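Below: one structure, written as structure tokens.
Everything numeric here is computed off the predicted structure, so don't read it as measured data.
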Amino acid sequence: MDWQTGLAVTGLAAAASLIQALSGFGFSLFIVPFLAMVIGPKETVALANLLGTAVNLTQLRAVGRAAERRTTARMVAGCYLGMPFGLAVLLLLEPRALQAGIAVCVLVFTAVLARGLQLRGTGAGWDLGTGFVSGLLNTSTSMSGPPVVLYLQGRRLAPPAFRGTTTVYFLATSGGAAAMLALSGTLTWHTAGLALLALPASQAGRLAGNRLFHRLDERRFRLLVFVVLAASACSALANALR
């Protein structure tokens, strides 16, 4: 591990956690395109899942009790059904094509979230379907969040229930994704070392974001986040096509 890579991963983890704490979304959307340029798309998927597991684990005690358990359980089940298909995509696609796909996904999800679109549906089928799509995206691009966020926003959950449900869901699924990636050989000791190196910085970014949350204008900051996400995706796409 060279020091430039370690420094880049550490800085990106801190910035992604800061964005997540301030805006409530954007950890993987921000970090994945940049990491794909630094360490490659396949190692990026494994690293993002490891860091996501750690971040959500620290939030579980505070918000986990408010989760909607049945909805969460069904989405988790759907996610585990979708993750093997996403893993197949990750293993079969050529890295440059995978990086381009990640960039396109970020651009699409950023546009959808910026427009405030929602998925309006209820019931076990919607829970399972949302989880399946999320799982497919998780092990292929590490961006499992947008389908879940769009769906739960459409359900109009109260803020505590929303935070609790997403925290429990992402903790349960990112840990499982990391295990699948380890069994497939995608998660290496090098990736694990990068995760350990970046963990303190990601927690520092999370704490800083929580402190700044009430001091910044939410609308302007969310606009800045969307601009940063779009710029990161365009950079990754240009790098893949170059």
Hydrophobic clusters here meaning ILVMFWY residues chained together by side-chain heavy-atom distances under 4.5 Å, can you tell me if L91 and L98 are in one? yes
When hydrophobic residues are tied together by side-chain contacts of less than 4.5 Å, even through go-betweens, does L136 share a cluster with L152? no
Is V108 reachable from L150 through a run of I, L, V, M, F, W or Y residues, each pair having side-chain heavy atoms under 4.5 Å apart? yes
Any chain of hydrophobic side-chain contacts (each under 4.5 Å) joining L128 to Y80? no
Does a side-chain heavy-atom distance below 4.5 Å link T173 with M75? no
Identify the two heavy atoms, one from E43 and one from L194, that lie closest to each other, and give their separation to 0.1 Å. OE2-CD1, 3.9 Å
Under a single-linkage definition using a 4.5 Å side-chain heavy-atom cutoff for Ile, Leu, Val, Met, Phe, Trp and Tyr, are M180 and F170 assigned to the same hydrophobic cluster? yes
Once the angle between the rings of Y151 and W126 is folded into 0 to 90°, is it parallel (under 30°), tilted (30 to 60°) or perpendicular (over 60°)? parallel
What is the minimum heavy-atom distance between S134 and Y169, and which atoms define it? OG-OH, 2.8 Å
Shortest non-hydrogen contact from T139 toward L87: OG1-N, 3.0 Å
Please report the closest heavy-atom contact between A48 and F27, naming both atoms and the distance. O-CE2, 4.3 Å
Out of curiosity, L181 CG to M83 CE, how far, rounded to the nearest 0.5 Å? 9.0 Å
Under 3.5 Å, side chain of S140 to main-chain N/O of G86, donor-acceptor pair present? no
